[in-house]
Amino acid sequence: MEFNFAKKQVKRINRNKIILMIILIACVATMILAFAPSLGSLYSGTHTFKTAKEAQALMDDGKEFVSITVDELYDTGYSCKENDKIVYRYYIFWADDKFIMCKVDKDLTEEIYEDYELSGKLEKATGMESDVISKLKLESGDSSSVVTFYLNSEYSRIWAQIGVAIGVLLIVIMFGVVIKAVINMSNYQGNKFFKKMGADEASAERLNQIISSLFASGMTSKKIQQMNIMGEWIISTSFMGFTVCNKDDIVWMYKSVTKHRTNGIPTGKTYGLVLRGKNKEHIGLSAKSDKVADEMLQELYAEMPCVIMGYSDELSELYEKQTAGFLEMREKYRQEREQNQ
């Protein structure tokens with residue numbers, strides 16, 4: 001028998017993986033393109049200038065990263081504050097033909113610095129910097145004496161370089177994931193989700209048995225959210241995976257409640273169910289409300305009455321750290337229930 005179910009699931013999973021990777025690649029590429037105007041200068045050397053005209057020419061050529069040693073650096077008296085604390089100061093220097101403002105470290109406190117070496121990025125003035133330049137022009141009485149751009153000596157391109165490099169690396173990795181997903185769409189027996197079902201002869205026969213049961217003539221299916229119960233078997237599908245197990249493999253079931261907060265303020269809750277298997281299988285189901293979650297829990301309990309119901313930290317620790325002890329407890333519960341029937 002063809003493993004049609006496994007093939008379909010593996011193709012669906014890999015198709016979803018490809019879609020997800022393409023979306024992520026587009027997002028990362030968009031972030032990298034934000035640096036596009038500066039990509040050339042981001043990895044090029046540092047340029048020098050003597051006049052404001054030369055500085056403007058460098059900006060026009062996309063060579064924003066510069067250095068200059070100025071004869072005198074003057075404090076403008078303006079600064080940028082956050083929470084009443086100075087984070088940057090604004091100084092100004094004469095570049096042979098015009099004044100150029102620069103953003104400097106808050107620790108510069110002298111009124112004048114002589115033979116001071118500046119390095120950073122030439123940027124068009126906006127926001128706070130534009131306001132300071134406008135004030136400087138008014139104070140000078142000559143609107144043409146101060147240029148409309150400034151030197152940001154606090155800009156470090158190392159973080160932008162690292163960010164772009166990481167972005168390119170992520171794109172390469174995601175392309176590799178896409179290629180692997182395309183290959184696995186046809187080579188489904190090499191796919192990890194199929195390997196979970198097993199690829200040897202014995203487990204292949206088990207999969208045959210499952211599929212035969214699931215698609216037997218006249219077999220009815222009970223659907224609860226993204227989970228189907230068909231005879232003695234459970235199929236649960238998710239965006240990136242699928243689980244096929246016998247109902248008897250489910251040993252623990254409980255309702256989950258997730259609280260959501262925004263800025264410390266409660267914004268609501270989401271509800272769901274969690275089914276855990278004896279081989280650490282995990283099936284999660286979502287519910288629209290607390291009432292729906294309770295109804296789903298009762299419906300599933302009617303199908304699997306020998307599972308341990310309800311959540312506690314003690315049960316969680318027992319299941320995670322002493323699974324054998326949990327299974328023994330569940331087996332005793334099942335035997336007691338069968339004896340009482």
Side-chain angles (χ1 to χ4, degrees), residues 3-47 58-65 120-124 126-127 152 154-199 225-228 235-244 256 258 260-263 267-268 270 272 274 280-286 288:
F3 301 134
N4 290 326
F5 174 76
K7 280 186 175 181
K8 288 178 181 179
Q9 293 303 314
V10 169
K11 285 183 177 180
R12 178 186 64 81
I13 292 165
N14 283 291
R15 183 180 64 248
N16 291 343
K17 186 183 293 185
I18 291 170
I19 293 171
L20 179 62
M21 289 300 107
I22 290 174
I23 293 173
L24 291 176
I25 288 171
C27 292
V28 175
T30 302
M31 293 174 65
I32 292 176
L33 288 175
F35 291 99
S38 303
L39 279 178
S41 61
L42 202 59
Y43 294 95
S44 65
T46 301
H47 306 276
L58 288 173
M59 284 188 66
D60 294 341
D61 291 341
K63 301 174 181 178
E64 300 103 331
F65 295 97
K121 183 182 180 185
L122 293 171
E123 297 181 345
K124 184 178 179 181
T126 57
N152 184 358
E154 290 298 289
Y155 188 97
S156 175
R157 57 177 166 175
I158 184 65
W159 295 113
Q161 290 172 334
I162 292 173
V164 171
I166 291 174
V168 172
L169 178 61
L170 287 175
I171 287 177
V172 171
I173 292 173
M174 288 186 286
F175 265 118
V177 173
V178 169
I179 293 171
K180 188 175 180 180
V182 171
I183 294 172
N184 281 336
M185 288 185 76
S186 56
N187 181 27
Y188 71 97
Q189 284 186 318
N191 185 278
K192 68 176 183 178
F193 297 105
F194 182 76
K195 285 181 177 179
K196 287 173 65 176
M197 299 303 300
Q225 295 293 344
Q226 65 270 35
M227 184 176 73
N228 282 284
I235 293 182
S236 176
T237 59
S238 63
F239 186 76
M240 295 295 287
F242 73 94
T243 301
V244 179
S256 65
T258 305
H260 301 279
R261 292 176 177 270
T262 302
N263 297 323
T267 56
T270 53
V274 177
K280 295 296 181 74
E281 296 94 342
H282 183 287
I283 299 175
L285 302 174
S286 59
K288 294 181 179 179

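Residue indices begin at 1 and follow the sequence shown.
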Quick one: list whatever passes side chain to side chain contact (heavy atoms under 4.5 Å, CB included) with [X], sequence neighbours left out.
X	value
Thr267	His260, Thr262
Leu20	Leu24, Phe239
Ile283	Met227, Ile234, Ser236, Thr243, Cys245, Ile250, Leu275, Leu285
Ile166	Ile162, Leu170

Residues passing the side chain to side chain donor-acceptor pair (under 3.5 Å) test with Ser286, sequence neighbours excluded, are none
Those residues at least two apart in sequence (or on a different chain) that pass side chain to side chain donor-acceptor pair (under 3.5 Å) with Asp60 are Gln56
To the nearest 0.5 angstrom, please state how far the [atom1] atom of [X] sits from the [atom2] atom of [Y].
X	Y	atom1	atom2	value
Glu64	His47	CD	NE2	8.5 Å
Lys17	Lys180	NZ	NZ	7.0 Å
Ile179	Ile18	CD1	CD1	10.5 Å

Heavy-atom closest pair (Asn14 atom, Ala181 atom, distance to 0.1 Å) is OD1-CA, 3.4 Å
Quiz item: How about Val28 and Met174: do any of their side-chain heavy atoms sit closer than 4.5 Å?
Solution: yes
